[in-house]
Structures are given as C-alpha cells and as structure tokens.
2 protein chains.
Amino acid sequence: MTTEARRKRASISDVARLAGVAVGTVSNVLNRPDIVAPATRARVEAAIKEMSFVPNAVARQLRVGTITTVGVVVLDIRNPFFTEVARGVEDRLALADHTLMLASSDDDPARERKYLQLFEQHGVVGLLVVPSGPDLDQLLEVQSRGVRVVLLDAPAGSSGLSSVSVDDEAGGALAMAHLIERGHTQVVMLNGSHDIRQCAARLVGARRAASAAGLDPEAAVREVQLRALDSASGVEATLALADAPDGLPSAIFCVNDLVAVGVQRALRLRGGTALLESVAIVGYDDIDIASELAVPLTSVRQPTHEMGYRAADLLLAPESAEIEQVVFAPELVVRASSAR
Amino acid sequence: MTTEARRKRASISDVARLAGVAVGTVSNVLNRPDIVAPATRARVEAAIKEMSFVPNAVARQLRVGTITTVGVVVLDIRNPFFTEVARGVEDRLALADHTLMLASSDDDPARERKYLQLFEQHGVVGLLVVPSGPDLDQLLEVQSRGVRVVLLDAPAGSSGLSSVSVDDEAGGALAMAHLIERGHTQVVMLNGSHDIRQCAARLVGARRAASAAGLDPEAAVREVQLRALDSASGVEATLALADAPDGLPSAIFCVNDLVAVGVQRALRLRGGTALLESVAIVGYDDIDIASELAVPLTSVRQPTHEMGYRAADLLLAPESAEIEQVVFAPELVVRASSAR
DNA sequence: CTAGGGTAATGAAAGGATTCAATGCCGAGA
DNA sequence: TCTCGGCATTGAATCCTTTCATTACCCTAG
C-alpha cells in the first residue's frame with residue numbers, strides 16, 4: 001500500500017481506469033453517491049481506497065470557481081487581542097462550514113500587501129483585514145474584483161468597505177478621564193505609530209478628555225512613540241523615561257496591555273514594588289491576564305470575540321447586503337493599577 | 001475603473017485579446033519579461049493594468065503542481081505557547097519566501113482531521129502538526145502521498161515522521177523535584193486528557209521524580225483532570241478542590257500557565273492574597289506574562305520560538321533529508337509562586 | 001414485437017495558466 | 001538573390017475536476 005508510488009498523486013482518471021468506469025462516474029461517486037448504482041459505487045470506492053486517492057482541491061476549485069476559505073490578516077499573532085478576535089471569526093465561520101487562513105502582517109504594509117495578494121490569488125471568498133496603515137486603496141481594488149472585504153478593528157468611513165470596529169477615541173477618552181479624575185494632570189501615553197489608526201485615535205480621545213476637563217491637551221498628554229507594540233518596547237520606553245531629566249510621570253496610559261505589562265516589568269526592575277505601586281497605569285484591550293498581574297491592570301475592554309464573530313457575519317452576508325459599519329463601544333475596567 | 005465589471009475576474013486570454021497578442025506572450029510577460037520585446041511588453045503591461053488583471057493562482061498551481069504554502073495545525077490559537085511557536089515557524093518560512101496557513105484544532109481529533117484534509121487537498125508543500133491524539137495514521141498516510149510532515153511538540157518515535165519536541169517527562173520531573181525540595185510531599189497535578197501526550201508525559205515525569213525521592217508516586221502526585229486547558233477550567237478545578245472534603249493541597253502543578261493563572265484567580269476569589277500565597281504553584285510554558293503575575297509564576301520553560309523555527313527548517317529540508325527527531329530540554333524558572 | 005420511460009453511465013467541454021515545439025520574420029553573409 | 005541563424009511570438013497540449021447533453025440499457029405497457 002505504502003510501497004512505491006509516491007511520485008505522483010493519483011488522479012480521478014487513474015481511479016476510473018482501475019475501477020473500469022468513466023471519470024464522470026467517479027466524480028459522481030464523490031459528489032452525488034446516491035445517483036450511482038450500489039454495485040458500481042462499491043467498485044469505485046474500493047479503487048479509491050486501493051490507490052489512496054485524495055481529490056485535488058485545486059482542480060476542483062478551478063472548475064467550480066468558488067471556495068469556502070476566508071483570509072484573515074491581523075497585525076500581530078502574538079497579541080491576545082487579535083487571537084481572541086480570530087477566535088470569534090473562526091466560531092462564526094465554523095457555523096457556515098468555512099475555514100480560516102490566518103496571517104500576521106507585523107504592522108508592515110509590505111507584508112500586508114503580500115498576504116492580500118496571496119489570498120486573492122488563491123481565490124478566497126473574502127478577507128478580514130486589520131489594516132496596518134491608512135491606505136485602503138488595495139483593499140478597495142480587491143473588493144472591486146469581487147472578493148468580499150471587511151475591515152477589522154478599523155472604521156471604513158465612507159470608503160465603501162464594511163467594517164467592524166470599536167470607538168477608539170471614546171476608549172482613549174475613557175482612560176484619560178479616569179486618570180484625571182484620579183488627580184493626574186500630566187500623563188505619558190506610550191503609543192504606536194500614527195499610521196496605525198487605533199494609536200492615533202486613542203491619543204486624540206485622550207487629549208479630547210483633557211480639554212474637556214479644562215487642561216491643555218498637549219501638556220496633559222505627552223506622547224512617547226514606541227518601536228513596537230509589545231512588552232519589550234514597553235520595558236525599553238519606561239527605562240528611557242526613568243533615565244530622562246523629567247523622570248517618570250505619575251501616570252502612564254499604554255496603547256495596549258502588552259505594553260503595560262512591559263511598563264510594570266520595567267518599574268519593578270528599577271524600583272521594586274514601591275515604585276511599581278506609585279505610578280498609575282492604564283492599559284488597553286483587557287487581555288485575559290490583566291486581572292492577574294502583580295498589580296492588576298486597569299484597562300479598556302473591547303468586545304473581542306464579538307467583533308470577530310460579527311465581522312465574519314458581515315462577510316458571509318448575501319452578496320446583495322449593504323455596506324455596513326459596526327461600531328462597538330469600549331468599556332473601562334478599573335483595577336488596582338490606577339488606584340492612588 | 002471601478003465602474004461595472006465585477007462579475008468575473010479577467011483571465012490571461014482577455015488580456016491577450018486586448019493587447020492583441022497570444023496568451024503565451026502574456027504568460028511570458030508575467031514570468032520571463034526579459035525574453036519579450038520591450039514594445040510588446042509595454043503593450044501587454046498596459047492591458048494588464050487596464051483590466052486590473054490578477055493572475056489566478058489556482059490555475060497556476062494546477063498546472064505547475066507546486067506551491068509555497070505550509071499548513072500549521074495547533075491545539076489552541078489562544079495559547080501563547082502555540083502562537084510563539086507559530087511565530088518561529090513564520091520567521092523561518094519568510095526566509096524561504098513561503099507562507100503559513102494557521103488553523104486551530106481545539107484538541108478535537110475530528111477538527112484536526114478536517115484541517116489536515118483541507119490542507120492536503122489544497123496542495124500545501126508541507127504540514128506542521130501538533131497532534132491532538134496519539135493516532136498518527138492519518139499523518140503517515142498524508143506523508144506517504146508526498147506531503148512533508150513534521151510533528152510539533154510531540155516526539156514521533158519510530159513512526160517514520162520527523163518531529164520537534166521538548167522532553168515533557170523531564171519537564172514534569174523538574175517541576176516535581178523542585179516542589180519536593182521545597183518540602184511538598186503531596187501535590188495535586190491539574191492535568192489534561194492523557195490523549196494529549198504532553199499531559200500524560202508530564203504526569204509520568206512528575207511521578208518519576210517522586211519515586212526518585214523515595215515517595216509513593218501515586219500518593220505524592222494526585223491527578224485531577226480538566227475539561228480544557230485554559231484559565232477558566234483552572235478556576236473551576238481549584239474551586240472544586242477547595243470545596244472537596246480533603247481541601248486544598250499545599251502545592252499544585254499545572255499542565256500549563258493558563259491553567260495556573262486560573263488557579264491563582266480562584267485562590268484569590270476564595271481566600272484573598274493570604275490564601276494565594278499559601279499554596280505553591282508551578283506552571284508550564286513560561287509564557288510572557290508569567291513573571292508579571294500577582295504572584296510571579298514558577299514555570300517550566302520551553303524554547304518555543306526555536307522549536308517553531310527548527311520545525312520549519314526540517315520541513316524545508318531537501319526531499320532526500322533523513323527523518324529526524326529533535327528533542328529540546330526544558331528548563332525550570334523559579335519565581336515567587338513556589339517559595340515557602 | 002415495438003414504443004416509450006426511466007435509470008446508469010459516458011465522455012467531451014470548460015476553467016485559467018504554463019510550457020514548448022513550431023512558425024514567422026529580419027538581417028547578414030555567400 | 002538565396003540561405004541560414006537567431007530572436008520574437010504563437011497556439012496547442014497539459015494539469016484535474018465538474019458538468020451536462022448524450023448514449024446505452026432494461027423493463028413495462030400497448
């Protein structure tokens with residue numbers, strides 16, 4: 001059985017020859033077994049087993065045109081926020097017997113472009129994309145060629161794409177308003193590149209909250225840009241702050257929880273638990289372990305699973321369905337990290 | 001440009017017609033631009049742009065046979081251990097200009113089977129699989145049909161597959177020996193199904209360490225089986241232990257860090273920080289945030305990124321390469337959760 | 001005994017890109 | 001003027017499956 005062969009996959013016509021029937025009949029056994037006579041069917045099935053034949057999905061797809069795979073491009077596969085979203089997508093797709101191909105663009109527009117191209121060339125039925133930059137042209141082009149596209153975690157505005165997102169300005173405002181209420185008037189925000197819309201929007205929201213409280217927005221929220229959005233750059237940035245002439249601020253707003261974890265790590269490294277407890281920290285995403293940290297993290301929660309689920313829903317909607325913008329509201333979860 | 005069309009992708013012959021050349025010429029422009037006369041090439045390129053033609057990768061693949069996609073099946077995409085491994089895979093594949101399709105089997109052999117089938121039908125060049133059960137038959141079959149297969153996080157033994165794994169018995173032994181040294185002679189292990197090899201092996205290792213220390217292995221390591229390997233079931237199991245007649249043990253060994261996080265959460269729920277600090281906990285995987293928890297977690301570290309990288313390496317090795325078993329050694333990282 | 005109806009099986013066409021043997025053409029050399 | 005070499009282009013064959021109009025066959029009713 002596993003003797004030689006190997007060189008080449010058996011094809012439907014090999015099976016047909018072995019079973020002594022026409023290729024069409026084999027195809028029928030595969031796809032509409034009920035219309036072929038039991039005896040013939042048995043013979044064909046035996047031949048299939050004998051040759052350990054696996055239908056070539058590529059050829060099938062070429063002929064049939066359609067397929068049930070959805071491409072998902074996220075910014076960073078290691079960020080629990082995205083895997084939670086992906087999970088929501090997967091759960092929804094499973095209901096429709098579709099499958100998911102996941103890729104991670106690493107915030108890199110070139111990689112994003114490459115993956116989009118790859119997915120499109122492979123004829124996916126649709127794409128769910130967390131765009132790495134503000135440029136939606138490629139996505140619009142892809143959509144104009146008949147691939148369904150839904151933006152994830154970014155509002156599409158009037159661009160003509162559907163989207164599922166969270167109001168990031170509101171999230172930034174929630175975080176800042178909370179810190180102001182706790183008495184902090186000078187906050188450092190550890191942020192990512194403004195090419196990442198979420199980062200820009202959260203800053204805008206934070207400054208808006210500062211204005212609303214009668215503070216000078218620029219002075220109240222000082223931005224520090226990170227190289228990346230993970231815990232390592234959180235550590236790095238915090239150490240740099242500590243070493244700077246101004247020293248550490250009384251409060252730090254982090255663009256996501258991983259960064260906040262890094263901040264906590266750096267503070268502990270520098271000044272132990274005392275220092276760690278003296279700086280107020282607010283994160284973003286409310287990842288699973290935010291509540292289990294040494295100092296449980298105040299964070300802005302987004303309905304991750306639901307976002308993914310809903311996005312997949314939009315993608316699977318009938319062709320005729322309208323372009324739709326779904327915007328979820330974020331929610332602040334207060335924990336010890338922002339207590340006095 | 002984005003006017004109507006939509007109905008159908010342009011094909012190479014549409015382009016050929018528009019440019020007034022033969023299909024073969026268009027194909028040449030696409031794949032070997034240097035051999036076509038500049039004037040012709042320009043004309044064809046204009047036609048391609050005009051029709052916003054995207055080559056159909058499916059047709060190409062059917063003809064050419066080969067492809068540069070690798071399928072990866074992990075147990076749970078939300079587990080940082082697996083995403084870190086996936087990251088290592090991705091990094092290695094990127095060097096070879098290959099791409100990764102990720103799927104999550106959810107510990108469910110049926111789902112695993114489905115994904116394997118899907119990937120194989122799509123003609124992936126290879127598969128990296130974290131098997132959900134002990135049954136490798138399907139994988140062997142797939143391999144016998146010419147798809148390269150590498151087992152991830154599971155030793156293939158003499159089955160004829162390549163594999164990259166960590167010595168889980170050694171890991172279990174490390175954890176238990178450490179707890180014994182700290183004076184714990186009755187440990188509860190929160191474990192997953194023995195169908196998951198890692199779970200079974202870690203228990204075996206723990207009991208081996210108990211024996212080596214002169215303890216009765218069965219009594220020293222009491223096993224409690226979990227429904228799933230996430231923090232929620234850690235919470236659930238811990239609450240059940242607390243409510244049981246025997247009460248909580250002095251030490252808990254968790255089959256992974258997520259479970260350990262759940263244990264900590266449950267302990268805090270039940271008895272606050274005091275209770276939390278009175279129970280020794282050892283986790284497994286040393287995920288990024290293990291060191292940042294309320295009580296930093298002692299954990300068994302595995303070289304995740306390197307495992308993924310190495311596995312991809314094996315997969316990309318020349319056809320002729322030998323079957324190879326790579327076994328990494330785990331390492332114990334001691335933190336506060338297992339202090340007295 | 002024939003016509004007609006229904007079931008089973010057939011096999012050619014289609015789908016889009018690549019490949020390669022064959023053709024066309026042009027200019028240079030005889 | 002004729003021939004030959006080399007470059008550019010052509011278009012049929014191929015990859016494997018699905019689809020569907022057609023054929024083959026058997027049985028029953030007239």
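In what follows, every heavy atom counts, from backbone to side chain, and hydrogens, waters and symmetry copies are set aside. Numbers restart at 1 for each chain; the letters A, B, ... are given by sequence-line order, proteins then strands.
- Between B:L62 atom CG and D:dA13 atom P there is a gap of 17 Å when expressed in whole angstrom units.
- The closest donor-acceptor contact from the side chain of B:D313 to the backbone of B:Y309 lies at 3.5 Å or more, if one exists at all.
- With 3.5 Å as the limit, one finds no donor-acceptor pair spanning the side chains of A:S163 and A:S165.
- Counting any heavy atom pair closer than 4.0 Å across all strands shown, B:V26 reaches no nucleic acid atom.
- A donor-acceptor contact shorter than 3.5 Å links the side chain of A:S105 to the backbone of A:V74.
- Among the protein residues, A:V36 comes within range of the sugar-phosphate backbone only, with heavy atoms under 4.0 Å from sugar or phosphate atoms but none that close to a base.
- Within the 4.0 Å cut-off from OP1 or OP2 of D:dT18, at least one side-chain nitrogen or oxygen of A:N31 is found.
- Regarding B:R32, its CZ atom lies at a distance of 9 Å from the P atom of C:dT18, rounded to whole Å.
- The CD atom of A:Q61 sits 13 Å away from the C1' atom of D:dT18 (whole-angstrom rounding).
- Counting only distance, with no hydrogens or angles, the side chain of A:R111 and the backbone of A:S104 share a donor-acceptor pair below 3.5 Å.
- For A:R43 and C:dA8, the CZ to P distance is 14 Å, given to the nearest whole Å.
- Between A:R78 and A:D106 there is no salt bridge, since no side-chain nitrogen of the basic residue lies less than 4.0 Å from a carboxylate oxygen of the acidic one.
- The backbone N or O of A:A312 sits nowhere less than 3.5 Å from a side-chain atom of A:R92 that would complete a donor-acceptor pair.
- The side chain of A:N56 approaches D:dT17 more closely than any other nucleotide in the set D:dA12, D:dT17, C:dG16.
- Each of D:dT17, D:dT10, D:dT18 was ranked by its minimum atom distance to the side chain of B:V21; first place goes to D:dT10.
- Within the helix from C:dC1-D:dG30 to C:dA30-D:dT1, the inter-axis angle between the opening and closing five-pair segments is 70°, rounded to 10°.
- Of the residues near DNA chain D, B:A59 and B:R41, the one whose nearest nucleotide (by heavy atom distance) lies more toward the 5' end is B:R41.
- Scanning all heavy atoms of the two residues, the minimum distance from B:L152 to B:P131 falls at O-CD, 3.8 Å.
- Relative to the side chain of A:V64, the nucleotides D:dT10, D:dT18, C:dT18 differ in distance, and D:dT18 lies closest.
- OP1 or OP2 of C:dT10 lies within a sub-4.0 Å distance of a side-chain N or O belonging to A:T25.
- Per the geometry, CG belonging to A:D34 stands 15 Å off C1' belonging to C:dA9, to the nearest Å.
- You'll find that the side chain of B:S11 is closest to C:dG16, out of C:dG16, C:dA9, D:dA12.
- Residue B:R17 contributes atom CZ, which lies 16 Å from atom C1' of D:dT10 at whole-angstrom precision.
- Which of C:dT18, D:dT18, D:dT19 sits closest to the side chain of A:I12 comes down to D:dT18.
- With hydrogens and angles left out, the side chain of A:R63 and the base of D:dT17 share no donor-acceptor pair within 3.5 Å.
- In the interface, the side chain of A:R60 is not paired with the base of D:dT17 through any donor and acceptor atom under 3.5 Å apart.
- Rounded to whole Å, atom P of D:dC16 lies 15 Å from atom CG of A:L30.
- Computed from coordinates, the B:I35 CD1 to D:dG6 P distance equals 16 Å when rounded to whole Å.
- Counting only distance, with no hydrogens or angles, the side chain of B:E324 and the backbone of B:S162 share no donor-acceptor pair below 3.5 Å.
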